[in-house]
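One structure below.
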2 protein chains.
Amino acid sequence: MADPEGTERTTIQDVAAAAGVSVSAVSKVLRGAYGVSPQMRTRVTAAIDRLGYRPHTGARAMRGRTYTVGVVLVELTSPFQTEVAKGISDALEDTSYQDILVTAGATPERQKSRIEALLDRHVDGLVLIAPWIEVAWIEKIAQALPVVAVALHGTPRNFDTVVDDERLGAQLMVDHLVAAGHRQIAHTSAPRAAFEDTFVLSHTARRQGYEQAMRSHGLRPDVIETWLSEEGGHQAAQQAFDRARPPTAIFAGADIAAFGVLRAAEERGLRVPEDVSVAGYDNIYTSTINRVSLTTVDQSGHGTGAESIRLLLERIEGRAQPRQFVVSPHLVTRRTTTAPSGTGISNRGRTV
Amino acid sequence: MADPEGTERTTIQDVAAAAGVSVSAVSKVLRGAYGVSPQMRTRVTAAIDRLGYRPHTGARAMRGRTYTVGVVLVELTSPFQTEVAKGISDALEDTSYQDILVTAGATPERQKSRIEALLDRHVDGLVLIAPWIEVAWIEKIAQALPVVAVALHGTPRNFDTVVDDERLGAQLMVDHLVAAGHRQIAHTSAPRAAFEDTFVLSHTARRQGYEQAMRSHGLRPDVIETWLSEEGGHQAAQQAFDRARPPTAIFAGADIAAFGVLRAAEERGLRVPEDVSVAGYDNIYTSTINRVSLTTVDQSGHGTGAESIRLLLERIEGRAQPRQFVVSPHLVTRRTTTAPSGTGISNRGRTV
DNA sequence: CTGAAAGCGCTAACAA
DNA sequence: TTGTTAGCGCTTTCAG
């Protein structure tokens, strides 16, 4: 009656007994540690296979590693973040580590508590995707375990970062629109988070890139600050269209916001791209389908995830100096942008 | 020098010392167990807060619960699955449990190994979203811990299920198309998985619903078996359009496949819905945007997730009889379906 | 109602 | 190269 369910786990003891060796020998084989003879390894491995033994992560966590990487993302509905997460999973595929994901929402409190939950589980390392937290807090936990942050621009002391060069990406888009003949190009963005000073998040980096690129073309930046959501894009576009001289192109800070812009345009009876050009940033799946064909900027989420794991594993192996990796964005021109028309809403004002 | 990093964790011992009580007292307060006086509770709680103590999940796992629910999904890029996962997270919000996610891919081997990794972490329960595994295997692990499967149709012995009534959903769509005047309605589906006999997955349930509904209208079912992906939908549509008498409507087994159908139609110069009606199933985000406006069937992923947690917590509390919960789908008619035209590809053949 | 102590399955010093 | 053993931080009997 000791085991009514018949599901007692095989332990390292069982393996040791079955192989006729000590538990520490098994432990060493398990971890690939030094000081095991080939025949010992074979015997133990055989016993492990025969018994179908798998180590208890919790027990391991008490002394050593859990061989687990914690991944924190804001939400599952963000295509870019999930692509990064996929890149992480794939990169971990042929290592001895596994990833567990956790969604945290966009509030610092929830994010911190979810990260703490991961610390409670003694993960060996952490990848934070677009963390919405004061950097000082991240620095603190990064003193205790390896951390890589994705989409956080800045130069941290205790952790690594992987970022898309979003300033460049924004510039590519502005250049594209200017080359097509646009001079009134609005940009939709989101409010700067309170903690963004020496560190900035994606939307702020994009905005900075946009502003700089506009100035370099001798144009006046026109930022409409709402939110990088469908609704936010819709509101921003309404504001833009209500102006006396509406922009001939709207460069949304994210594809999702661009969809809101498209909706607003449709509601006003404006044709895209004939009456107004619309562009986004992220190149999410929806943008690729033929009926949408949004001009946008692509940043490889998958590559970003893979790179973050490369850095994280280096840290787990002992590296302490911070590293930053920058991935290059590229422009994807599709069917929502074209030259401004000479009629309708346009940049006619220049002839005055 | 015992703590060079200054990051030694506070343990239950520290809390006990700070509160001037025993560790077992702290443990009881932690777990809300019986036999603690109010003043004991207050003292301990105060000490916990003061020290910022959080229990070590691994240590807990050695004896009791981890207060962790493992969620397994096929991939992050499936909007329905991530919505279920969100429903799960939200439902767990005001419980003492937390969820960790793991992606498993569509092969039984990987799925099993990811589930085992969760078992190694001693999760208290498991939610499997659209598991692609022999049910016998699930039954076995479900003997050892609470399990809920989502989108698996059948009557398990040891675990619960939450499913959308996909047969009904498919019927709603067929009824809609027939009411619009269509009589040649093709359905795209995927091969039946090897393990689907007494249990079936979503695509098979949808197909069954489609076939039954067609027959009930006196129509001949026309299933094109490819894969429920964009590419699969594209191939299926090409096959359909190549027929001597092409269907006037294509009901894809999933929205994502419907996008492939739309692409194939565009390539042939067929207008949707004038020349051919196209419908999907899932009501994913992309389908909702104005430029796409796909007619589809909605199943509440969020509600599904919430319900799965309700059932799982019941099981964790001790229920053993299996339960099944069915959520109701509803039709969402948008702009990709209409009456068949009398010209072009149509159901003209009837006049023969 | 409270506390002492055993032990969960591992890892890592240390001994042999 | 191998084995012995002391914990890791909790939970859970079992005494008091």
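A, B, ... follow the sequence lines: proteins, then strands. Residue 1 opens every chain. Since the model is a prediction, treat every value here as computed from it, not as a measurement.
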Donor-acceptor contact present, side-chain R315(A) to main-chain V148(A), <3.5 Å = no
Taking Q81(A) for its side chain and S78(A) for its backbone only, find out whether a donor-acceptor pair lies under 3.5 Å.
-> no
Parallel, tilted or perpendicular: which describes the rings of F195(B) and W132(B), with under 30° parallel and over 60° perpendicular?
-> perpendicular
Intermediate values then yes/no, salt bridge (charged side-chain N to carboxylate O under 4.0 Å, His left out), E134(A) and K112(A) = CA-CA 10 Å; E134(A) 314 86 78; K112(A) 288 180 192 170; 3.0 Å; yes
CG/L126(A) to CZ/F159(A) distance, rounded to the nearest 0.5 angstrom?
-> 11.0 Å
For H302(A) and D90(A), test the side chains for any donor-to-acceptor distance below 3.5 angstrom and give the result as yes or no.
-> yes
Contact letters for nucleotides 7-16 of chain C, in which S counts primed atoms plus P, OP1 and OP2 and B counts the base, heavy atoms under 4.0 Å | BBBBBB----
Nearest-0.5 Å distance, CG of residue L101(B) to CD1 of residue I129(B) = 7.5 Å
Of the residues in residues 33-42 of chain A, which ones touch DNA chain D at a heavy-atom distance under 4.0 Å?
-> G35(A), V36(A), S37(A), M40(A)
